[in-house]
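Hydrogens, waters and symmetry mates play no part in the numbers below; they use all other heavy atoms, side chains included.
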Amino acid sequence: MEINEDIVIVGAGIAGLATALGLHRLGLRSLVLESSDGLRITGFALITWNNAWKALEALGIADSIRRRHLPLDGFGVSSAVTGLPISEKSLRGRGR
């Protein structure tokens, strides 16, 4: 089977799917290739800064993400050896 597409996106991760969505909204067809044969149900974390939120706004999906997920107020780093905290960082007041 041969498929001819002008635009081929390799990888169905966040960047690949966002690119495909943006192209679709412009009326452009694309083909997304992904090596995994199915969706993975393992957990993940998505941390976005101001420019990423601007991109999500442009795609029209930022509000949906905000409604479904809690914002990260900060994070900590612990030693892999002792398990003791090494440092903490607050993300409050950074304008999400």
- Minimum side-chain heavy-atom gap His24-Leu28 below 4.5 Å: no

- Message: Using side-chain heavy atoms (C-beta onward) and a distance below 4.5 Å, is Leu33 in contact with Ile9?
- Response: no

- Message: Walk me through whether Ile61 and Leu56 qualify under side-chain contact (heavy atoms from CB on, under 4.5 Å).
- Response: CA-CA 6 Å; Ile61 59 174; Leu56 295 172; 3.7 Å; yes

- Calculate, to the nearest 0.5 Å, the distance between atoms OG and NE2 belonging to Ser64 and His69 respectively. 7.5 Å

- Item | Point-to-point distance, once rounded to the nearest 0.5 Å, from OG of Ser79 to CG of Leu84 | 6.5 Å

- Item | Asp63 atom CG: more than 12 heavy-atom contacts under 6.0 Å | yes

- Would you say the side-chain atoms of Glu34 pair up with the backbone N or O of Ala12, donor to acceptor, closer than 3.5 Å? yes

- Query: Just wondering, do Leu31 and Ile7 contact through their side chains at under 4.5 Å, heavy atoms?
  - Reply: no

- On a heavy-atom basis, the closest approach of Ser30 and Leu23 is CB-CD1, 4.0 Å

